[in-house]
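Model, not experiment: these values are computed from the prediction.
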Amino acid sequence: MSEITNMYEKMGIRPEVLKFGNTIEKDLKERFDEIDQRAEYNQLKVLHAMQKNHVSADCFNYVSGYGYDDHGRDTLEKIYADVFHTESALVRPQITCGTHALALSLAANLRPGDELLAAGGKPYDTLEEVIGIRPSKGSLAEYGISYRQVDLLEDGTFDFDSIREAINEKTKMVTVQRSKGYQTRPSFSVAQIGEVIRFVKEIKPGVICMVDNCYGEFVEEIEPSDVGADMVVGSLIKNPGGGLAPIGGYIAGKEELIENCAYRLTSPGLGKEVGASLGIMQSFYQGLFLAPTVVASALKGAILAAKIYEKLGYPVVPNGTESRHDIIQAVELGSAEAMIAFCHGIQAAAPVDSYVAPEPWAMPGYDSDVIMAAGTFVQGSSIELSADGPIKPPYAVYFQGGLTWPSAKLGILMSLEHLVRAGIVKL
Ligand SMILES: *Cc1c(COP(=O)(O)O)cnc(C)c1O
């Protein structure tokens with residue numbers, strides 16, 4: 001046996017599982033080359049923005065108190081605006097997570113009497129309470145902001161006729177979620193998002209188009225803001241934080257909209273001027289610098305997982321050959337037992353907390369128990385190797401992340417190892 005087979009065995013991967021994975025990996029060379037090329041382009045895009053904005057060591061200085069003239073924070077926001085080709089951006093540790101960034105973009109730019117339209121079906125679970133689809137304190141509904149939703153057609157594409165019918169004199173903002181989130185629909189390509197934005201703006205030019213960009217950043221060479229989105233929104237403990245940002249969210253878009261977000265985040269009259277970065281800036285810069293190659297590792301892991309579980313007969317979204325629009329891989333495992341075994345495997349491959357076994361629990365914001373495997377450096381970070389999913393039919397597990405390709409590969413092999421050990425899969 002070779003050294004590496006020995007090492008895998010020492011980690012708990014039996015030779016049959018390794019062989020099964022390696023055979024599948026061999027056929028992926030061309031796809032991996034494409035991913036590397038896209039990462040090369042996106043790396044240059046990020047580097048160019050950093051050089052253009054004269055990043056210097058004093059961008060990493062500790063700033064406390066009000067945070068007036070926080071040079072590192074202000075420069076980073078210019079860099080994000082350049083990377084996303086927008087007029088402005090808000091990138092802050094005071095934005096606590098992706099849901100907060102999305103809630104901010106909505107609440108800051110909608111007023112009582114306005115209507116929000118979800119053009120691509122039900123938004124991410126946590127937004128149901130933000131919008132008030134599920135009643136919640138402080139929801140947009142409580143402030144008199146109404147909501148409408150147009151579901152996707154059966155084939156997962158936009159229902160343009162119903163979108164046209166849904167747009168009315170109250171419609172102020174249209175939102176589209178790039179990634180599938182906890183659904184088994186396909187994720188949207190940036191081109192598809194561009195098409196729906198063009199359609200909406202033809203009907204009502206003044207409408208604000210906001211895209212939930214979570215998990216999509218740097219997967220393609222363009223972003224939704226390159227195809228007409230007025231705001232793109234995401235979390236720094238996903239793709240753009242590159243695994244190093246320990247907290248934070250971003251909103252990039254039109255100057256006026258971002259200003260509104262800043263006034264809502266801090267206070268009317270204060271806006272972007274306050275919000276000290278408290279020494280966190282180096283991780284934001286360095287994370288953004290690493291993000292394109294980290295996303296590439298995660299994508300390779302997602303494709304290997306798709307190919308492996310497809311071969312074993314499980315439905316996977318996207319399938320092993322489809323082009324990728326986010327870093328998430330859904331695998332429909334068909335039972336709670338299989339979901340738990342899969343997640344135990346992912347956890348067992350992690351650098352942190354590898355010795356614990358995750359269990360399903362009731363998470364705030366979700367309407368069923370959720371299991372979450374995440375042995376991460378940053379709590380709940382899903383650009384790091386992680387898997388999660390609500391324990392309800394079709395018992396789909398959502399696999400994502402992997403800061404390095406070898407660690408992503410180990411995670412997938414370990415998930416398979418645990419399914420074999422539980423007697424659910426026979427090789
Ligand atoms: C993760 C995610 C969110 C919410 O982000 P949190 O940081 O978990 O609050 C919203 N939308 C999508 C598509 C996501 O993937």
Side-chain angles (χ1 to χ4, degrees), residues 77 80-81 84-92 94-120 123-124 126-133 136-150 163 166-178 193-194 196-201 203-214 216 223-235 248-275:
E77 289 181 337
Y80 264 71
F84 287 99
H85 303 124
T86 57
E87 293 170 4
S88 183
L90 193 63
V91 188
R92 304 274 167 139
Q94 288 85 9
I95 302 177
T96 56
C97 61
T99 303
H100 185 193
L102 288 157
L104 190 58
S105 72
L106 297 170
N109 288 291
L110 292 164
R111 295 290 178 270
D114 289 343
E115 188 162 279
L116 170 69
L117 171 66
Y124 193 75
T126 57
L127 287 189
E128 291 184 19
E129 284 176 283
V130 171
I131 294 166
I133 302 170
S136 177
K137 291 214 190 299
S139 69
L140 297 178
E142 276 197 349
Y143 286 87
I145 294 157
S146 58
Y147 171 73
R148 228 175 249 250
Q149 175 180 317
V150 172
I163 292 172
I167 293 173
N168 59 64
E169 67 289 347
K170 287 169 64 180
T171 312
K172 172 82 175 291
M173 196 187 296
V174 171
T175 178
V176 174
Q177 181 181 310
R178 180 171 175 184
I193 291 171
V196 78
I197 291 173
R198 229 175 5 259
F199 181 81
V200 162
K201 297 233 172 195
I203 298 165
K204 192 166 184 180
V207 84
I208 301 163
C209 291
M210 183 273 270
V211 175
D212 175 350
N213 208 23
C214 283
E223 299 289 340
S225 41
D226 292 312
V227 295
D230 301 300
M231 276 188 290
V232 286
V233 183
S235 163
Y250 78 89
I251 307 171
K254 293 236 163 77
E255 181 87 52
E256 186 194 347
L257 305 176
I258 299 303
E259 231 176 22
N260 285 340
C261 293
Y263 288 133
R264 177 81 190 197
L265 175 66
T266 65
S267 163
L270 301 183
K272 281 180 120 179
E273 304 296 318
V274 298

Within-4.5 Å side-chain heavy-atom neighbours: Ile163 and Phe199: yes
Please report the shortest heavy-atom distance between Val211 and Ala229, naming the atom on each side. CG2-CB, 3.8 Å
Could you pull out all residues at least two apart from Lys204 that satisfy salt bridge (Lys or Arg N to Asp or Glu O under 4.0 Å)? none
For residues 105-116, please give each side-chain donor-acceptor pair under 3.5 Å, one per line with the distance, not counting sequence neighbours.
{"unit_1": "Ser105", "atom_1": "OG", "unit_2": "Leu102", "atom_2": "O", "d": "2.8"}
{"unit_1": "Asn109", "atom_1": "OD1", "unit_2": "Asn260", "atom_2": "ND2", "d": "2.9"}
{"unit_1": "Asn109", "atom_1": "ND2", "unit_2": "Ser105", "atom_2": "O", "d": "3.1"}
{"unit_1": "Arg111", "atom_1": "NH1", "unit_2": "Ala108", "atom_2": "O", "d": "3.1"}
{"unit_1": "Asp114", "atom_1": "OD2", "unit_2": "Arg111", "atom_2": "N", "d": "2.8"}
{"unit_1": "Asp114", "atom_1": "OD2", "unit_2": "Lys172", "atom_2": "NZ", "d": "3.4"}
{"unit_1": "Glu115", "atom_1": "OE1", "unit_2": "Ser146", "atom_2": "OG", "d": "2.8"}
{"unit_1": "Glu115", "atom_1": "OE2", "unit_2": "Arg148", "atom_2": "NE", "d": "2.7"}
{"unit_1": "Glu115", "atom_1": "OE2", "unit_2": "Asn168", "atom_2": "ND2", "d": "3.0"}

Glu87 side chain vs Glu255 backbone, donor-acceptor pair below 3.5 Å: yes
Give me the atom names and distance for the closest heavy-atom approach of Ala101 to Ile251. O-CD1, 3.5 Å
Short side-chain to backbone donor-acceptor contact, Arg178 and Gly216, under 3.5 Å: yes
Are more than 12 heavy atoms, taken from residues, nucleotides or ligands other than Gln149, located less than 6.0 Å from that residue's CD atom? yes
Closest heavy-atom pair and its distance - Gly253, Ile258: N-CD1, 3.5 Å
Heavy atoms, side chains only, cut-off 4.5 Å: are Pro123 and Ile133 in contact? yes
Check Leu117, Val207, Ile208 against Met173 for a side chain to side chain contact (heavy atoms under 4.5 Å, CB included) and give me the one that passes. Ile208
Quickly, which of Lys272, Met231, Glu77 forms a side chain to side chain contact (heavy atoms under 4.5 Å, CB included) with Ser88? Name it, please. Lys272
Please report the C-alpha distance between Val176 and Cys209 in whole Å, then the side-chain angles of each, then the deciding distance to 0.1 Å, and finally whether the side-chain contact (heavy atoms from CB on, under 4.5 Å) criterion is met. CA-CA 8 Å; Val176 174; Cys209 291; over 6 Å; no
Whether the side chain of Ser136 engages the backbone of Gly132 through a donor-acceptor N/O pair (distance < 3.5 Å, no angle test) should be reported. no
Is the side chain of Ser225 donor-acceptor paired with the backbone N or O of Phe84 at a distance under 3.5 Å, no angle test? yes
State the CD-CE distance between Gln177 and Met210, to the nearest 0.5 angstrom. 9.5 Å
Given side chains that start at C-beta, do those of Lys201 and Asp230 come closer than 4.5 Å, heavy atoms only? yes
Keeping Ser139 on the side-chain end and Glu142 on the backbone end, is there a donor-acceptor pair under 3.5 Å? yes
Let me know which of Thr86, Asn213, Val232 forms a side chain to side chain contact (heavy atoms under 4.5 Å, CB included) with Glu223. Asn213
Heavy-atom pair of closest approach, residues Cys214 and Ser235: SG-N, 4.1 Å
About how many Å separate CD of Glu129 and CD1 of Ile131, when rounded to the nearest 0.5 Å? 11.0 Å
Which heavy atom of Val174 sits nearest a heavy atom of Ala119, and at what distance? CG1-CB, 3.8 Å
Closest contact, heavy atoms only, Thr266 versus Gly271: OG1-O, 2.9 Å
Parallel, tilted or perpendicular: ring planes of Tyr250 versus Tyr80, cut at 30 and 60 degrees: tilted
